[in-house]
Amino acid sequence: MSGVRSVTILGSGPAGLTAAIYAGRANLQPLCVEGVQPGGQLTITTDVENYPGFPDGVMGPELMIQFRKQAERFGTQFLHAQLIKVDLSKRPFTLYFEGGKVEQTETLIVATGASAKWLNIPSEKPYMGKGVSSCATCDGFFFRNQDIAVVGGGDTAMEEATFLTRFAKSVKVIHRRDSLRASKIMQEKAMKNPKISFIWDSAIEEVYGDKSVSGVKIKNLKTGKVEDLAVTGVFVAIGHQPNTTPFVGSLNMNETGYLWVEPGTTKTNIPGVFAAGDVADPHYRQAVTAAGTGCMAAIDAERFLEHT
């Protein structure tokens with residue numbers, strides 16, 4: 001075990017790396033733990049057109065490489081490890097990683113993100129960023145005047161479907177049941193939209209295409225019949241799972257596992273522990289908002305250290 005760190009950041013997406021840049025510039029020598037997906041969700045995104053400062057767009061992985069270089073420039077150390085458990089009962093906090101590595105830290109910034117729930121069919125992964133997406137706000141613009149599908153029946157799916165009608169020619173909502181789980185107001189909004197239609201009691205069995213998506217095979221779960229649907233985009237909107245398992249029992253979270261923070265700050269219920277990015281944000285889930293809260297978390301941690 002190395003000496004006690006001033007700041008340790010869990011996660012290396014936009015929130016974690018922005019926190020690292022700010023903490024590094026404050027001479028706090030932060031440790032950034034990269035986790036299982038270094039760079040976060042943007043590493044499985046192709047074109048990013050809505051991050052300020054890139055008028056021609058930027059590839060998601062390239063953007064995260066630039067973030068990382070900037071954090072390194074200000075003295076951030078990186079650890080590629082998977083967190084197993086934490087002891088937040090006293091300071092310094094203790095972090096336990098796979099392989100037996102242990103770190104202690106005076107402050108902790110949790111920026112572990114949230115993972116989109118996917119369909120988990122073999123043909124899905126090859127088309128991620130090539131027609132398969134979990135973010136309409138990020139990728140809807142690329143599907144102007146095209147036929148696309150949205151999978152899901154909750155509020156997220158209805159929001160995504162409605163948003164996508166701004167660009168798409170048509171939006172087919174594919175749902176496993178014969179009724180929606182979405183709130184009544186969201187259902188009515190989607191049902192009234194002339195561009196949206198519904199395929200009930202159905203699930204996608206296969207995504208196919210040449211270099212990008214050209215269609216899906218849909219199975220009716222009641223009859224077993226499989227049919228082809230020609231679409232160029234598939235938006236999976238069955239929810240996100242915040243990566244908060246190691247913090248159950250120590251950090252306050254909502255019913256779906258998103259970390260609670262004091263409004264207007266990144267402070268959790270434990271002094272010295274801060275949360276930034278998608279792990280504490282069930283609403284926006286954008287790279288730019290994650291980066292913003294990463295900045296806030298680093299400043300909150302710096303001020304906490306000054307006064308303890």
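Numbers here are sequence positions counted from 1.
By the 4.5 Å heavy-atom criterion applied to side chains, M186 and L180 are not counted as neighbours. The side-chain heavy atoms of V248 and M253, taken from C-beta on, include a pair separated by under 4.5 Å. Residues P282 and T256 fail the side-chain proximity criterion, which asks for heavy atoms closer than 4.5 Å. Two residues are said to be in side-chain contact when any heavy atoms from C-beta on lie closer than 4.5 Å; I199 and I218 meet this criterion. Looking at E205 and S123, their side chains never come closer than 4.5 Å, going by heavy atoms from C-beta outward. For the pair F274 and K267, the minimum side-chain heavy-atom distance is below 4.5 Å. Looking at N50 and V288, their side chains never come closer than 4.5 Å, going by heavy atoms from C-beta outward. Annotation: side chain of L10 is in contact with side chain of F247 (closest heavy-atom distance under 4.5 Å).
Residues M158 and V150 are members of one and the same hydrophobic cluster, defined by side-chain heavy-atom contacts under 4.5 angstrom among Ile, Leu, Val, Met, Phe, Trp and Tyr. Each of V110 and L305 belongs to its own hydrophobic cluster when Ile, Leu, Val, Met, Phe, Trp and Tyr are linked at side-chain heavy-atom distances under 4.5 angstrom. Taking hydrophobic clusters as Ile, Leu, Val, Met, Phe, Trp and Tyr residues chained together by side-chain heavy-atom distances below 4.5 Å, V261 does not share a cluster with I270. Under the 4.5 Å side-chain heavy-atom criterion for Ile, Leu, Val, Met, Phe, Trp and Tyr, I196 and W200 are members of the same hydrophobic cluster. Connection of V273 to Y96 is not established within any shared hydrophobic cluster, with ILVMFWY side chains joined at heavy-atom distances below 4.5 Å, either directly or through further cluster members.
Checking Q70 against Q66 by side-chain atom types alone, no donor-acceptor pair falls below 3.5 Å.
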> Would T293 and M296 satisfy side chain to side chain contact (heavy atoms under 4.5 Å, CB included), going step by step from the backbone distance to the final call?
Replying inline: CA-CA 5 Å; T293 55; M296 291 165 63; 4.2 Å; yes
> Hey, mind stepping through E302 and V7 against side chain to side chain contact (heavy atoms under 4.5 Å, CB included) and telling me if it holds?
Replying inline: CA-CA 9 Å; E302 182 189 355; V7 181; over 6 Å; no
>> D147 vs T232, test: side chain to side chain contact (heavy atoms under 4.5 Å, CB included). Steps then yes/no.
In response: CA-CA 6 Å; D147 298 308; T232 51; 5.7 Å; no
>> Run the side chain to side chain contact (heavy atoms under 4.5 Å, CB included) test on E103 and F97 for me, step by step, so that the C-alpha distance in whole Å, both residues' side-chain angles and the decisive distance to 0.1 Å come before the verdict.
In response: CA-CA 8 Å; E103 289 283 346; F97 298 95; 3.9 Å; yes
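Taking both residues in full, the closest heavy atoms of L259 and A275 are given as CD1-CB, 3.8 Å, listed atom of the first, atom of the second, then distance. Of all heavy-atom pairs between A71 and F78, the closest is CB-CZ, 4.1 Å. Summarising the geometry of I109 relative to A276, their closest heavy-atom pair is CG2-CB, 4.4 Å, with the distance given to 0.1 Å. The two residues G140 and L164 have their closest heavy-atom pair at CA-CD2, 3.6 Å. Looking at every heavy atom in both residues, P271 comes nearest to R91 through O-CD, 4.2 Å. What you find for H175 and G152 is that their closest heavy atoms are ND1-C, 3.7 Å.
Atom CG of D300 is separated from atom OG1 of T265 by 5.5 Å, given to the nearest 0.5 angstrom. Between the CD atom in E227 and the NZ atom in K217 there is a gap of 10.5 Å [rounded to 0.5 Å]. Here L17 contributes atom CG and K69 contributes atom NZ; the two are 13.0 Å apart, rounded to the nearest 0.5 Å. To the nearest 0.5 Å, atoms SG (C32) and CD1 (I9) are separated by 5.5 Å. One finds the CD atom of E160 at 9.5 Å from the CG atom of D139 (value rounded to the nearest 0.5 Å). With rounding to the nearest 0.5 Å, the separation of OG in S6 from CZ in F304 is 12.0 Å.
Relative orientation of the Y51 and F54 rings is tilted, given thresholds of 30° and 60° on the angle between their planes.
For the side-chain contact (heavy atoms from CB on, under 4.5 Å) criterion with E106, the lone passing option out of T8, V4, L28 is V4.
For Y284, the OH atom sits in a loose shell: 12 or fewer heavy atoms of surrounding residues, nucleotides or ligands are nearer than 6.0 Å. Within a 6.0 Å sphere centred on CZ of F67, other residues, nucleotides and ligands contribute more than 12 heavy atoms. The number of heavy atoms from other shown groups lying within 6.0 Å of CZ (R177) is above 12. In the displayed structure, K189 atom NZ is contacted under 6.0 Å by at most 12 heavy atoms of other residues, nucleotides or ligands.
In terms of modelled atom types and a separation under 3.5 Å, the side chain of N243 and the main chain of T112 share a donor-acceptor contact. Formation of a donor-acceptor pair under 3.5 Å by the D201 side chain with backbone atoms of N220 is not found in this model. No side-chain donor-acceptor contact under 3.5 Å links T94 to the backbone of D87. The backbone N or O of D281 sits nowhere less than 3.5 Å from a side-chain atom of D278 that would complete a donor-acceptor pair. The closest donor-acceptor contact from the side chain of T165 to the backbone of T162 lies under 3.5 Å.
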